2 protein chains.
Amino acid sequence: MLHCLRKYAQNGVMTSSPSLPVDGFGKTLLDYPRPSVAVDTALLTVHDGGLKVLLVPHPGAGLGWALPGTFVRPGERLADAVLRSLREKAGVSGRDPQQLHVFDEPGRDERGWVLSVAHVDVVPFGELPAGVKLISVTEFAGARVAQVRELPYDHAQIIDYAVAQVRSQYLSAPDPGGLLTPPFTLKELRELHEAVRGESLQRDTFRRAMEPQLVATGEISDGTKGRPAALFMPY
Amino acid sequence: MLHCLRKYAQNGVMTSSPSLPVDGFGKTLLDYPRPSVAVDTALLTVHDGGLKVLLVPHPGAGLGWALPGTFVRPGERLADAVLRSLREKAGVSGRDPQQLHVFDEPGRDERGWVLSVAHVDVVPFGELPAGVKLISVTEFAGARVAQVRELPYDHAQIIDYAVAQVRSQYLSAPDPGGLLTPPFTLKELRELHEAVRGESLQRDTFRRAMEPQLVATGEISDGTKGRPAALFMPY
DNA sequence: TTGCTTTAGCACAGAAATGCGCAAACAAAC
DNA sequence: GTTTGTTTGCGCATTTCTGTGCTAAAGCAA
């Protein structure tokens with residue numbers, strides 16, 4: 001079979017050239033079929049007492065919204081691709097994307113062989129640009145909100161993984177996602193946890209779990225109705 | 001730039017041909033640089049009261065052992081690639097590989113741009129072929145056993161992820177990895193948990209946690225010295 | 001039949017966790 | 001200044017969990 005050497009002059013990516021290591025068959029990695037690798041991200045935030053996910057317009061036919069995503073570029077870390085896609089698709093600055101799962105169903109994308117590395121990131125609502133599209137991930141009577149079910153590809157599953165992971169992280173740590181601006185009150189922290197976990201929490205039980213992991217600033221909240229609350233920061 | 005259409009006649013993989021969808025730039029997915037995607041697997045088993053990981057000979061220079069791995073083939077699920085690599089590299093039948101993490105450091109492999117999707121699988125020691133290489137993952141006084149530290153690439157980290165995930169699964173469920181052949185005694189189950197978790201467990205506390213999740217078969221163990229133990233199966 | 005070993009089960013004490021009611025400490029209203 | 005409403009902090013009782021020691025049960029071996 002006649003082979004053409006194909007070269008790229010972009011991002012210093014290595015090409016099929018005499019300098020690449022060859023294997024026992026005299027071939028380099030570029031001689032084998034390879035998938036396209038994409039990242040898709042469930043960007044979660046807390047607003048109006050609930051957990052919300054960000055959607056962007058989906059250019060594909062028929063469906064209007066999707067999770068932000070992009071193909072990974074040579075030399076780019078997956079997390080950096082996530083951050084780039086959040087900037088480019090939603091004008092949002094992501095923070096610390098965490099991997100969730102690789103979706104690898106061979107026919108998942110009609111354009112060809114595509115793997116998607118699903119991620120989750122969390123951003124405080126106040127850091128989101130005005131006008132971004134957020135939908136609730138809260139379940140009502142066990143039924144998914146229609147808009148989550150209608151998302152393309154495996155995006156509904158990605159949201160499930162994301163919610164599960166963030167909820168797991170908020171089981172015992174005060175604010176692992178940094179959604180509150182320190183200093184904050186215990187009530188603010190508890191309300192955040194109730195929004196994330198989707199359930200109400202007993203005030204005293206919550207306080208005993210969190211206080212050992214917080215630093216009391218010695219100050220109290222002001223301008224609030226009722227007894228002023230002590231202010232805390234994370235360790 | 002002159003392009004040659006490159007065709008493959010292997011495994012029905014799609015090629016850069018007129019039939020592939022093109023994007024807004026008139027290009028298909030194959031026109032963009034793509035990584036090689038590999039899977040690496042920490043295959044864990046329990047033997048001699050401890051958690052062990054399987055190693056295979058590493059063909060690379062300098063180091064002798066590594067976790068089994070392979071490049072993913074077109075149309076192949078990641079889990080199937082894991083199972084294939086365990087068969088081909090170690091003669092082992094894997095069971096239910098679980099994804100751990102994607103290792104994506106651009107320079108992690110001198111052959112080129114390679115992503116590795118790390119997996120964990122567990123197999124009962126009795127199902128492993130004779131002569132496979134197992135090393136302990138147990139830490140002694142907080143120090144990693146030398147052989148784990150010396151593994152190539154990010155394999156030591158993969159083992160860490162794998163151990164953490166399996167230990168997490170065995171925190172509250174009887175035998176999520178199916179390492180015991182039913183029926184089994186509570187002592188056998190407890191010893192499995194002690195091997196996985198790397199700590200001793202209080203007999204009654206353990207029994208209270210497990211019994212509600214087990215079905216008593218009504219039979220007892222035979223051929224044992226002392227009072228025969230009740231036999232259980234998982235729900 | 002007796003002795004030994006192992007397992008099962010439970011009572012109990014102590015530790016840990018939970019939830020509630022009340023006093024304290026504020027702001028707002030009068 | 002007093003009263004009302006709200007929120008916080010904490011003491012207390014209750015509940016749950018854990019680990020220990022003990023004894024009975026149930027086998028095998030002698």
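This structure is a prediction, so every number in the text was calculated from the model and none was measured. As a basis for the values below, the full set of heavy atoms in this structure was taken, side chains included, without hydrogen atoms, waters or symmetry mates. Letters A, B, ... are given to chains in the order of the sequence lines, protein chains preceding strands, and every chain is numbered from 1.
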Expected list for residues 227-235 of chain A near DNA chain C, using heavy atoms below 4.0 Å, is A:R227, A:P228
The residue, A:G226 or B:E211, whose nearest nucleotide of DNA chain C is more 5′ is B:E211
Under a 3.5 Å distance rule, please check whether B:K52 uses its side chain to pair with a backbone N or O of B:H47 as donor and acceptor.
yes
Applying side chain to side chain donor-acceptor pair (under 3.5 Å) to B:S85 and not counting sequence neighbours gives none
Side-chain donor or acceptor of A:H101 paired with backbone N/O of A:I158 under 3.5 Å: no
task: Assign B:L186 to base, sugar-phosphate, or nothing according to its heavy-atom contacts below 4.0 angstrom with the strands shown.
output: nothing
- Should A:L55 and A:L134 count as side-chain neighbours, where that means a heavy-atom distance under 4.5 Å? no
- Message: Measuring to OP1 and OP2 of D:dA29, would you say a side-chain N or O of B:K225 lies under 4.0 angstrom away?
- Response: no
note: B:D222, atom CG; C:dT7, atom P; distance rounded to Å ~ 14 Å
Next on the checklist: Check B:D121 with B:R95, please: is the shortest side-chain N to carboxylate O separation under 4.0 Å?
Outcome noted: no
Rounded to whole Å, the NZ-P distance (B:K187 to D:dG27) equals 17 Å
| message | If we ignore hydrogens and angles and just use 3.5 Å, is the side chain of A:H155 paired with the main-chain N or O of A:L67 as donor and acceptor? | response | yes
Please assess B:D204 against B:Q202 for the test side-chain hydrogen bond (donor to acceptor under 3.5 Å, both in side chains), listing each intermediate value before the final yes or no. CA-CA 6 Å; B:D204 236 9; B:Q202 205 280 335; 5.8 Å; no
Under a 4.0 Å heavy-atom cutoff, the residues of residues 195-210 of chain B touching DNA chain C are B:R203, B:D204, B:R208
In whole angstroms, the gap separating P of C:dG9 from CD1 of B:I220 amounts to 12 Å
(Q) Any side-chain to backbone donor/acceptor pair from B:E105 onto B:F103? Under 3.5 Å, distance only. (A) no
